[in-house]
There are 2 protein chains.
Amino acid sequence: MSTEENILLAARKVFLQKGFMSARMQEIADEAGINKALLHYYFRTKEKLFEQIFSDAFQLIKQSFTGSLLNSLTFSEFLRAFVHAYLHLLDQMPYLPQFILQELNRDSSRIITLFEQQKVPMSAIKKLIATEVENGEIIAIKPEHLIVNIISLIVFPFVARPIIKTFIFNQNIEDYSRFNEGRGEEIVQFILRAIRIPKNMI
Amino acid sequence: MSTEENILLAARKVFLQKGFMSARMQEIADEAGINKALLHYYFRTKEKLFEQIFSDAFQLIKQSFTGSLLNSLTFSEFLRAFVHAYLHLLDQMPYLPQFILQELNRDSSRIITLFEQQKVPMSAIKKLIATEVENGEIIAIKPEHLIVNIISLIVFPFVARPIIKTFIFNQNIEDYSRFNEGRGEEIVQFILRAIRIPKNMI
DNA sequence: AATTGGTTTAACCAGTTGGTTAAACCAATC
DNA sequence: GATTGGTTTAACCAACTGGTTAAACCAATT
């Protein structure tokens, strides 16, 4: 592993857990097993190093979205693919959402740069949903609400992990991990029930 | 308004927007229209001032939960009351969730103190849900999942506001505020549809 | 008139941070 | 064997932070 990759790996770990403000260049150097001078030798400033970590992190999320979209013809196909792809990513990087949200709230002007760099095919999924509504496959729902609902159900439990662990599971780790195991299918079924056409054959 | 209240108001504004680490005592003093010396005269340290803001903030959330629970006999009553009470609170303090989550992720040991101070009647709502499941009023669902789902749908859009504004609404403020207006009933109906018993009278 | 308590001003301290620099070191390459 | 480039060490700087202090100020109270 090259020194540069080594630094990026260490920086990702520190930045994701601490955020930009609380992250310390010294800690990144320690984590990478090098010294601070060499850190600045590779990435001149903290800001430059952070930029790379941040845009890489966002791209990971984007990919789980676009990937699921490309491989799906129906909405329910997309839903199941996306939920599991996203959850799989978050299992490996549980600090990812809080990191992204924290930094976007800290400096919301950053999102403009991000928006131009990383084009997310939002109109495609909106269209897919709208079409299924028109065809009577799912109930009438605004695509924006449905999209927000999906992402909320997936992401929020990770952002609120400490609070859920404590106030809902009383710090019982077993109960909590059992909850997490079934979470994916629970989300999929919950959403499918909420948007299916009721069969009122009275 | 007393100086103390004045300081607390200013501190709340700054802490909620910036978080503990990024908040500056000087900025709080400026916001309160006083100087830094007087700030330390009232609240000896930054930590002490923060503690008060934080526990006050958490209490507000707790109250919208317990209040809705006390005034409801059925789950759907609780659901509608809670969703609207919570959203009403967040309309006034949109930075509240991100603040709480950020600080709990920064120092998760803080949550233990919080848990002992602020007892949240979680078992009551769990029981209410379990009873309705047994009585066949709603579909079989684990209370933990349902509770997490409710809170996710309410809170997440506030935490992810900049990202939703940009990637879903293309910075179109009108579309976004129209989305927010209908959000409360959208959440209620979405959940009710997801947990109702299907009437399969074939 | 004297006292009191909230308040301001301004300077200061110690600690930490991101960043820089110069010198030496060392292994691979030429 | 000389050169080169990555690397370390250690010291340093300027800026900023939370916090303290002493002195003066001022309005209300006694």
Side-chain angles (χ1 to χ4, degrees), chain A residues 1-57 95 98-99 102-110 113, chain B residues 1-57 95 98-99 102-110 113:
Chain A
M1 184 170 51
S2 75
T3 305
E4 188 165 338
E5 287 171 322
N6 191 19
I7 292 176
L8 283 173
L9 218 65
R12 182 201 285 183
K13 182 173 176 183
V14 174
F15 274 133
L16 256 69
Q17 288 192 31
K18 303 286 177 74
F20 179 80
M21 286 289 297
S22 302
R24 301 287 160 240
M25 293 296 270
Q26 185 60 58
E27 192 179 348
I28 296 176
D30 293 345
E31 181 71 34
I34 58 165
N35 50 60
K36 209 174 53 155
L38 194 62
L39 201 57
H40 284 93
Y41 175 79
Y42 276 93
F43 301 87
R44 277 184 52 204
T45 67
K46 185 184 185 181
E47 192 73 38
K48 278 187 166 60
L49 179 55
F50 176 80
E51 285 297 340
Q52 187 137 354
I53 301 296
F54 185 79
S55 82
D56 286 357
Y95 295 105
Q98 177 69 9
F99 171 71
Q102 187 179 132
E103 297 306 328
L104 285 185
N105 276 310
R106 183 176 64 88
D107 175 14
S108 52
S109 73
R110 185 186 304 277
T113 324
Chain B
M1 185 170 52
S2 75
T3 305
E4 190 166 337
E5 288 173 321
N6 191 19
I7 292 176
L8 284 173
L9 218 66
R12 181 200 286 183
K13 183 174 175 183
V14 175
F15 273 134
L16 256 70
Q17 288 192 31
K18 303 285 177 73
F20 179 80
M21 285 288 297
S22 302
R24 300 287 160 241
M25 292 297 270
Q26 185 61 57
E27 192 179 349
I28 295 176
D30 292 347
E31 181 71 34
I34 58 165
N35 50 61
K36 208 175 53 155
L38 194 62
L39 201 56
H40 284 94
Y41 175 79
Y42 276 93
F43 301 87
R44 277 184 52 204
T45 66
K46 185 185 186 182
E47 192 74 38
K48 279 187 166 58
L49 179 56
F50 176 81
E51 285 296 341
Q52 187 137 355
I53 301 296
F54 185 80
S55 80
D56 287 358
Y95 294 106
Q98 177 69 10
F99 171 70
Q102 188 179 131
E103 297 305 330
L104 285 185
N105 276 309
R106 183 175 63 88
D107 175 13
S108 52
S109 73
R110 185 186 304 278
T113 324

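Note on naming: letters A, B, ... go to the chains in the order of the sequence lines (proteins, then strands), and numbering restarts at 1 for each one. As a basis for the values below, the full set of heavy atoms in this structure was taken, side chains included, without hydrogen atoms, waters or symmetry mates.
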* **Spacing of B/Gln26 atom CD relative to C/dT8 atom C1', expressed in whole Å** => 13 Å

* N-O pairing of A/Glu51 and A/Arg110 below 4.0 Å -> yes

* **Shortest non-hydrogen separation from B/Ala29 to B/Leu39 and the atoms involved** => N-CD2, 3.9 Å

* **Heavy-atom side-chain proximity of A/Lys13 to A/Tyr95 below 4.5 angstrom** => no

* To do: Would you mind telling me which of D/dA10, D/dT7, D/dG19 lies closest to the side-chain atoms of A/Tyr42?
  => D/dT7

* Structure fact -> To the nearest angstrom, the CD1-P distance between B/Ile34 and C/dG5 comes to 19 Å

* Asked: Is the backbone N or O of A/Phe20 less than 3.5 Å from a side-chain atom of A/Glu103, with the two atoms forming a donor-acceptor pair by type?
  -> yes

* Structure fact -> Picking from C/dT8, C/dG19, D/dT8, the nucleotide nearest the side-chain atoms of B/Asn35 would be C/dT8

* Asked: Rounded to the nearest Å, what distance is computed from the NZ atom of residue A/Lys46 to the C1' atom of nucleotide C/dT17?
  -> 8 Å

* Asked: Between B/Phe50 and B/Phe99, what is the ring plane arrangement, given parallel below 30°, perpendicular above 60°, and tilted in between?
  -> perpendicular

* Length of the line joining B/His40:NE2 and C/dG6:P, which is rounded to integer Å -> 18 Å

* To do: For A/Ala29, report the nucleic acid contact type (base, sugar-phosphate, nothing); a contact means any heavy atom under 4.0 Å.
  => nothing

* Asked: Any idea which of C/dT7, D/dT21, D/dG6 is nearest the B/Thr3 side chain?
  -> C/dT7

* Name the pairing partner of C/dA23, where a pair is Watson-Crick or G-U wobble with both distances under 3.5 Å, or state none. => D/dT8

* Asked: Can you check the B/Leu38 CG to C/dG5 P distance for me, whole Å?
  -> 15 Å

* Base, sugar-phosphate alone, or nothing: which one does A/Phe43 contact when heavy atoms must sit under 4.0 Å apart? -> nothing

* Between D/dT8 and A/Tyr41, is there an OP1 or OP2 to side-chain N/O distance shorter than 4.0 Å? -> no

* Asked: If only side-chain N and O atoms of B/Arg24 are considered, is one of them under 4.0 Å from the OP1 or OP2 phosphate oxygen of D/dT17?
  -> yes

* Separation of A/Leu49 atom CG from C/dG18 atom P, in whole Å? -> 11 Å

* Atom-pair distance (CG on B/Leu39; P on D/dT17), nearest Å -> 14 Å

* A/Phe50 CZ to C/dG18 C1': how many Å, rounded? -> 16 Å

* Structure fact -> Nearest-nucleotide check on DNA chain C, B/Gly33 vs A/Ala23; residue mapping nearer the 5' end is B/Gly33

* Among D/dG18, C/dT9, D/dA10, which is the nearest nucleotide to the side chain of B/Ala37? -> C/dT9

